[in-house]
Amino acid sequence: EYEWIATDNSDVPVADVTITPQANNRSVLVNFPVPGSYTTRIRKIRVRSIYSAGQTCPSNYRDVTVTVFGPSQATTINPVTQTICDGDAVTSITASGLRGTIQGWERSVNGGGFVADGTLGVANPITPSVPLVAGVQTTYRYRAVVQNGTCAAVTSPQATIIVNPIPPKPTITPSGA
């Protein structure tokens, strides 16, 4: 027969892991609904044989170490909106409330779909280049792509930059002489 237990990294038994023995108790289905907010938690699944014919004689434990990743998270972006004139400096955009790392940034121009913007890399904060498109007001939206370990990637809220064109200088024509 086999004895299965779940422990933390210090071999202290934990109750946040469910172990369900399968056929012949030689394999198990393990569920890791680890509560709380965390980036990673280490859990060990320990198994040993116990010969129970007569005197109980357990073997040494064999361990499998499992890293449990908390869900990816990106909760805040600042500034949310900025409006500038063509050629003005952009205030850097910062994603925060992250669980995981930034895998890259995505950009949308004038309401189009989001696409990866490889020019921004994985930096945080970013200061994107925001040129006018066709000389008219141009709206850029940016969001970070964040992933924690092997968990699904998520996107941050959006930051919006509205770039207004500078009107041409007026022409003054003298009249009446």
Side-chain angles (χ1 to χ4, degrees), residues 6-10 12-20 22 27-46 63-167:
T7 68
D8 64 11
N9 205 31
S10 302
V12 175
V14 293
D16 62 9
V17 176
T18 306
I19 298 175
T20 306
Q22 302 299 298
S27 62
V28 292
L29 177 64
V30 181
N31 188 12
F32 296 94
V34 181
S37 178
Y38 57 92
T39 301
T40 61
R41 295 248 171 97
I42 303 297
R43 294 295 183 255
K44 284 186 193 175
I45 304 303
R46 307 188 83 201
D63 296 343
V64 175
T65 301
V66 178
T67 301
V68 181
F69 292 94
S72 304
Q73 178 178 298
T75 59
T76 309
I77 199 146
N78 280 305
V80 173
T81 303
Q82 52 186 305
T83 301
I84 63 171
C85 291
D86 185 29
D88 286 353
V90 173
T91 300
S92 294
I93 299 169
T94 303
S96 57
L98 305 180
R99 183 180 305 133
T101 56
I102 292 178
Q103 303 298 303
W105 290 83
E106 295 178 338
R107 176 184 69 187
S108 165
V109 180
N110 289 335
F114 277 93
V115 295
D117 185 338
T119 66
L120 298 172
V122 295
N124 190 26
I126 59 167
T127 307
S129 172
V130 288
L132 282 175
V133 175
V136 299
Q137 183 183 64
T138 306
T139 300
Y140 291 90
R141 288 189 174 78
Y142 292 89
R143 64 186 184 186
V145 178
V146 177
Q147 185 173 24
N148 189 31
T150 59
C151 296
V154 297
T155 56
S156 69
Q158 301 172 20
T160 301
I161 302 171
I162 300 167
V163 184
N164 288 318
I166 297 173

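A side-chain N or O of T101 and one of Q103 form a donor-acceptor pair less than 3.5 Å apart.
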Assess the residue pair Q73 and V146 against the criterion (side chain to side chain contact (heavy atoms under 4.5 Å, CB included)); give the C-alpha distance rounded to whole Å, side-chain angles, the decisive distance to 0.1 Å, and a yes or no. CA-CA 7 Å; Q73 178 178 298; V146 177; over 6 Å; no
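Looking only at distances, a side-chain donor or acceptor of N124 sits under 3.5 Å from a matching main-chain atom of A95. Here the side chain of Y140 pairs a donor or acceptor atom with the backbone of P131 at under 3.5 angstrom. With hydrogens and angles ignored, the 3.5 Å screen pairs no side-chain donor or acceptor of W105 with any backbone N or O of T119. Looking at N148, its side chain never comes within 3.5 Å of a backbone N or O of R99 through a donor-acceptor pair. Judged purely by atom type and a 3.5 angstrom limit, S72 uses its side chain to pair as donor or acceptor with the backbone of A152. Between the side chain of S27 and the main chain of Q22, no donor-acceptor pair closer than 3.5 Å is present. Within the 3.5 Å criterion, the main-chain N or O of E106 finds no donor-acceptor partner in the side chain of D117. Of the possible donor and acceptor atoms, none in the side chain of D63 sits under 3.5 Å from a partner among the backbone N and O of T65. Side-chain atoms of S156 come within 3.5 Å of backbone N or O of A144 as a donor-acceptor pair. Side chain of T138 to backbone of V136: a donor-acceptor contact under 3.5 angstrom is found.
The CD1 atom of I45 sits 4.5 Å away from the CD1 atom of I19 when rounded to the nearest 0.5 Å. In this structure, CG in D86 is found 11.5 Å from CD in Q137, a value given to the nearest 0.5 Å. In this structure, OG1 on T139 lies 5.5 Å from CG on N110, to the nearest 0.5 angstrom.
Between V90 and P128, the shortest heavy-atom contact is CG2-O, 3.9 Å. Closest approach of F114 to R141, counting heavy atoms only: CE2-O, 3.6 Å. In terms of heavy atoms, P71 sits closest to C151 at CA-SG, 4.2 Å. Taking all atoms of both residues into account, the shortest heavy-atom contact from C85 to I166 is CB-CG1, 4.3 Å. Among all heavy-atom pairs drawn from Q158 and I77, the shortest one is O-CG2, 3.4 Å.
With sequence neighbours excluded, the residues satisfying salt bridge (Lys or Arg N to Asp or Glu O under 4.0 Å) with D16 are R43.
None of T160, I162, I93, D88 except one satisfies the side chain to side chain contact (heavy atoms under 4.5 Å, CB included) rule with Q82; the exception is I93.
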